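Read the numbers this way: they start at 1 and go in the same order the structure lists the ligands and their atoms. Here the structure is a predicted model, which means the values were calculated and not measured.
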Amino acid sequence: MPAAKQEDDMEAVKVAEGLYWVGAIDWDVRYFHGRSYTTDLGTTYNAYLIVDDKLTLVDTVEGPFFDEMLARIKSVADPSRIEYMIANHAELDHAGALPRIMDVVPQATFVCSELGKPAFQATFHRDWNFHTIKEGETLSLGKRTLQFFPTPMLHWPDSMVTYLAEQKILLPNDAFGQHLASSERFDDEVPMDVIMGQATKYYANILLPLSNIVQRALTKLSGLKIELIGPSHGIIWRSQPGHIVDAYARWARGETRTKAVVIYDTMWDSTRKMAHAIVEGIGLEGVDAKLHNLSSTHRSDVMTDVLDARALVFGSPTLNNTMFPTLGDFLYYLGGLKPRAQVAAAFGSFGWGGGAVKAMRKEIEAMGLPLLDEGLEVRYVPDEEALARCVAYGRQIASRVK
Ligand code: FEO
């Protein structure tokens, strides 16, 4: 007798009357978007099954998790009865299992946005029974009505959200999500600081450059009564949906606090000494200071701190007449995320020609952050007087953001 598959025991989780979570938990994944983003706590791919006169699946999971999703669907309904496949987004973490579920139900109506259809076609090269939705279009499933709203660029041009009108439930795909694997599914079952830590990291690394678009989407969705939010990653917001909506509104507005983040790397400890002295100076002014050595903190975790920081301070030793490679990597990544700090500064150590501070200034200017000044440089190893200058520099930075 063949051994039972591990997935056979996996069940759907009831989210609301007739709505089930049928997603997958990826406990092991440690990176997202290549290696640009660390998912230290894993993630989930949330798919939702609506049991109504028309059996409906909203989104799927990454391709390798198809069997897990199918087992969860089978625990409440026969998958071959699916009549509508609602695909909110074409990225493979949600769409990867589409070809296999569509092989089960090739006759199903495939519902997506107008920009979604070419994205799904170019990704899967399949001729499914596409139905593209218009802004606000509705679809009756029997007792329930789905309403669709395109949300282009949240997170891709094809993205849309699905709203269960009678139950006031929003299934917004990537928006309001977090990369967080857990055996619990709901916001009242996991400590809020754990959820928000991952929600903040998600926004800082994925949605930050799209903040104007987030604001427009929030305005568009503000007309809907929302009692539950089921994102496509992480925890489902059933107790405090307003908590994450309010946080998105703050982040999208670019709200910052009196906080400075010092981001540096070091070669022979000189820049490290400078960084610590600068942090000391910032703290002496009563401003929250965070310190990250890029050799020990991943760029995506630094970004979580950058999101609400008012000052960004970059430190690098000079190597080959320019900045350290880790600073080059971080500034390149940061530029794409369009940070909105009020002031930036650069510092570093050098032995003879220098060049790191100048190179960092160039990158900072290119991303449009206001520079405090020309920067602070120390030759070889900082002595007491140089460290005192670093403390004073920290005070000066802090005074600009109080
Ligand atoms: Fe979770 Fe844009 O995919």
Side-chain angles (χ1 to χ4, degrees), residues 21-48 57-66 68-69 85-99 101 111-124 148-162 170-182 185 195 198-211 213-214 216-218 221 229-237 244 248 251-252 300 303-304 333 336-338:
W21 175 85
V22 291
I25 306 170
D26 192 345
W27 295 96
D28 299 330
V29 68
R30 289 295 175 266
Y31 292 100
F32 184 69
H33 281 170
R35 296 210 156 214
S36 67
Y37 183 137
T38 53
T39 50
D40 304 313
L41 302 180
T43 195
T44 69
Y45 314 110
N46 297 340
Y48 298 93
L57 181 62
V58 181
D59 293 321
T60 69
V61 295
E62 263 208 24
F65 293 86
F66 170 77
E68 181 171 341
M69 178 184 77
M85 177 66 243
I86 313 293
N88 283 317
H89 182 24
E91 195 163 12
L92 290 170
D93 46 342
H94 313 292
L98 277 171
I101 195 69
V111 180
C112 63
S113 69
E114 285 181 350
L115 293 175
K117 182 177 174 183
F120 287 110
Q121 286 176 320
T123 302
F124 298 112
F148 305 105
F149 298 92
T151 50
M153 294 316 296
L154 290 181
H155 152 232
W156 280 5
D158 56 277
S159 295
M160 67 176 197
V161 305
T162 298
L170 186 70
L171 303 179
N173 198 265
D174 276 336
F176 311 123
Q178 337 90 47
H179 285 308
L180 174 59
S182 69
R185 300 271 65 80
I195 304 173
Q198 294 308 312
T200 308
K201 182 171 180 176
Y202 192 92
Y203 192 96
N205 284 279
I206 295 177
L207 297 176
L208 178 58
L210 308 168
S211 287
I213 295 168
V214 172
R216 283 202 291 278
L218 289 176
L221 299 177
I229 298 175
S232 59
H233 295 290
I235 293 301
I236 296 167
W237 302 92
I244 189 64
Y248 264 53
W251 295 330
S300 58
M303 276 310 302
T304 310
Y333 185 65
L337 291 170
K338 298 185 171 48

(request) Please list, in chain and residue-number order, the protein N/O/S atoms closer than 2.8 Å to atom 2 (Fe) of ligand 1. (result) His89 NE2, Glu91 OE1, His155 ND1, Asp174 OD2

(request) May I ask you to decide if the ring planes of Phe120 and Phe124 are parallel, tilted or perpendicular, using 30° and 60° as cut-offs? (result) parallel

(request) Give every residue pair that meets the side chain to side chain donor-acceptor pair (under 3.5 Å) criterion with at least one member in residues 22-31, sequence neighbours excluded. (result) Asp26-Tyr45, Tyr31-Arg35

(message) Is it the case that the ring center of His94 lies less than 6.0 angstrom away from the ring center of His155?
(response) no

(request) Check the side chains of Thr304 and Thr200 for a donor-acceptor pair under 3.5 angstrom, ignoring hydrogens and angles. (result) no

(message) On a heavy-atom basis, which atom in Asp174 and which in Glu91 lie closest, and how many Å separate them?
(response) OD2-OE1, 4.2 Å

(message) Working to the nearest 0.5 angstrom, can you tell me the gap between Leu171 CG and Phe148 CZ?
(response) 10.0 Å

